[in-house]
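None of the values given here were measured: they were computed from a predicted structure. Order of the sequence lines fixes the chain letters, A, B, ..., with proteins taken first and strands second; residue numbering starts at 1 for each chain.
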Amino acid sequence: MHHRLLLLRRGAMSIPPPPAPRMPGVAGGRLFASLPPPPPLQSPREVHVWYLCPDELIDRSQLDMYTELLSPSERKNALAMNGPRLQKDAMLSRALLRTTLSRYTDANIDPRSFEFKKNKFGKPEILWQSDESSMEWPLHFNISHTSSLIACGIAMDTPIGIDVEEKKRKTVKSILSLARRYFTPLEVDYLAKISDSDAQQREFIKLWTLKEAYVKALGRGFSGAPFNRFSIQLETNSRIQISKATKVCNDSASGCDYLSENWRFALAELNSSYYMSVCIEDNSRGLYSLFFLM
Amino acid sequence: MAAIAGSVVSFARPVKAVNVSPVPFAGLRKDNVAFRLHPVSQKFAVLCAAKKETVDKVCDIVRKQLVLPEGTEVSGASKFTDLGADSLDTVEIVMGLEEAFKITVEESSAQSIGTVEDAAELIDKLVEAK
């Protein structure tokens, strides 16, 4: 039983042709050229991640077409962001999600058609129409973005969380003060032992993305899975281990009943500048291994 | 994407109540009021308005954390996510607020902070409770 993690890069997202008439003079038939169908998600142990870099998408007309895929409320939310750069990122984030989902339904569903809802903790999910004619795909997704990269993780039949961060992201607070405030004692010890400050900062970012990915996969929000109630350990054989911080759990009023440990993690480097963590639920007892394909 | 502040509470602009005897606001919920008003002809929502100094201080900390360009408008109504704060920014902001005001913010409270005003209100409440 293998886990596979595929990392896939897009330069452009495929969009179905807009309703006629086509805009004359739009550069590049490539805007409408469909990308090849994505590799199928072969099992619940497979995760695909599609990502793009907003700075590479500068064609105004292309951006307008992506914007056209969004729902009115998505457009409104994107425009509420502060400044054109954040607005563009918000639009692209939704466009990436919609086009990706569409491709994993064999383009049976137009990107514009997807509707979304939030679970009771605020995690976004696909809202499938309840009419008989529509099909449902057991697709789970999660999005993460930094200022320069947006990633969308897709899995079948299993909740997924993903978090991306620049490797060299500088924090305003010191690494150890952040760790002491938010991480577990085990994790603080791990970081404190690292004497080189750059290496320490990188390990902090790795742990941060892993913990974020777990919380996002659980879908209960930051307060549903406080960072100081579970430890993530990066072992030398590249295994990533999660465990409940039993002392904190025993001391806390609400305990840690909803924190489960049957989750699988992957940590990858993207474009040599980013760490990306992916977390999916795992109900199998099988061995897992990770493949990275570019 | 930030995992914090997934839901945003929006509420009417705080209004100063006049001609009402002072009552403690501890335990005031956003959807009811703890004191009786004299009947007035127009309906208005009275909420626990955060102190201006608190709001200003929060804006200051947010500007520094997010390294916002000069002239970016940050006010009580500003949403952290709209300003581009991700989850790491948000925890750093919360830590900055804890240090500045000498308080501790629980994760459950932190999650409900969507705007600068939310943060300022929470701070005032926590400072009051000390």
Side-chain angles (χ1 to χ4, degrees), chain A residues 77-83 85-87 89-90 93 118-124 142-147 150-152 161-166 169-173 177-178 180-182 204-205 208-209 211-229 252 254, chain B residues 1-10 59-100 102-116 118-119 122:
Chain A
N77 290 340
L79 289 170
M81 302 291 288
N82 191 289
R85 190 188 173 147
L86 290 175
Q87 289 169 12
D89 287 355
S93 167
K118 288 189 176 171
N119 76 3
K120 67 176 174 181
F121 304 101
K123 181 175 184 181
N142 199 234
I143 301 175
S144 173
H145 46 85
T146 70
S147 59
I150 305 173
C152 177
I162 168 176
D163 194 58
V164 189
E165 194 50 80
E166 284 160 32
R169 164 134 181 194
K170 289 290 164 242
T171 55
V172 171
K173 307 290 176 203
S177 67
L178 280 167
R180 280 189 200 107
R181 174 65 184 82
Y182 290 107
F204 172 83
I205 297 292
W208 181 271
T209 59
K211 292 169 84 80
E212 267 289 290
Y214 173 65
V215 170
K216 292 175 78 181
L218 270 181
R220 299 182 70 98
F222 196 61
S223 68
F227 273 19
N228 66 354
R229 297 207 192 159
S252 81
S254 51
Chain B
M1 193 51 224
I4 302 180
S7 63
V8 175
V9 177
S10 59
C59 288
D60 199 44
I61 289 173
V62 168
R63 274 182 195 286
K64 289 206 178 76
Q65 174 64 39
L66 301 181
V67 194
L68 297 175
E70 272 294 322
T72 307
E73 202 215 294
V74 184
S75 66
S78 302
K79 282 193 208 165
F80 291 113
T81 47
D82 288 353
L83 292 171
D86 65 10
S87 50
L88 188 45
D89 287 316
T90 308
V91 303
E92 292 207 87
I93 289 170
V94 169
M95 238 176 110
L97 298 175
E98 289 182 326
E99 285 162 9
K102 317 249 183 303
I103 50 176
T104 304
V105 179
E106 299 299 319
E107 274 88 352
S108 48
S109 316
Q111 187 156 305
S112 62
I113 295 176
T115 64
V116 167
D118 290 339
L122 177 63

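By number of non-hydrogen pairs under 4.5 angstrom with chain B, the leading residue of A:Thr171, A:Asp89, A:Ile150 is A:Thr171. The candidate from B:Glu99, B:Lys64, B:Glu73 with the greatest count of non-hydrogen atom pairs under 4.5 Å with chain A is B:Glu99.
Within the 4.5 angstrom heavy-atom criterion, no atom of B:Glu106 approaches chain A. Both the backbone and the side chain of A:Ser177 come within contact range of chain B, with heavy atoms under 4.5 Å apart. With a threshold of 4.5 angstrom between heavy atoms, B:Ser109 does not approach chain A through any atom at all. For A:Leu178, the parts sitting under 4.5 Å from any heavy atom of chain B are the backbone and the side chain alike.
Between atom CD of residue B:Glu107 and atom CZ of residue A:Arg229 there is a gap of 7.0 Å, rounded to the nearest 0.5 Å. Atom CD of B:Glu92 and atom OH of A:Tyr182 lie 8.5 Å apart (nearest 0.5 Å). Here the NZ atom belonging to B:Lys79 is positioned 12.5 Å from the CG atom belonging to A:Asn82, to the nearest 0.5 angstrom.
Each of A:Glu165, A:His145, A:Glu212 was evaluated against B:Asp86; a single residue qualifies, A:Glu165, per the side chain to side chain contact (heavy atoms under 4.5 Å, CB included) test.
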Note to self: Checking B:Leu88 against A:Arg169 for the side-chain contact (heavy atoms from CB on, under 4.5 Å) test, could you report, in this order, the C-alpha distance in whole Å, the side-chain angles of both residues, the deciding distance, and whether it holds?
What the structure shows: CA-CA 10 Å; B:Leu88 188 45; A:Arg169 164 134 181 194; 3.7 Å; yes

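Nearest heavy-atom pair, A:Arg181 versus B:Val105, reported as atom, atom and distance to 0.1 Å: NH2-O, 3.0 Å. Taking all atoms of both residues into account, the shortest heavy-atom contact from A:Arg220 to B:Gln111 is O-NE2, 4.2 Å.
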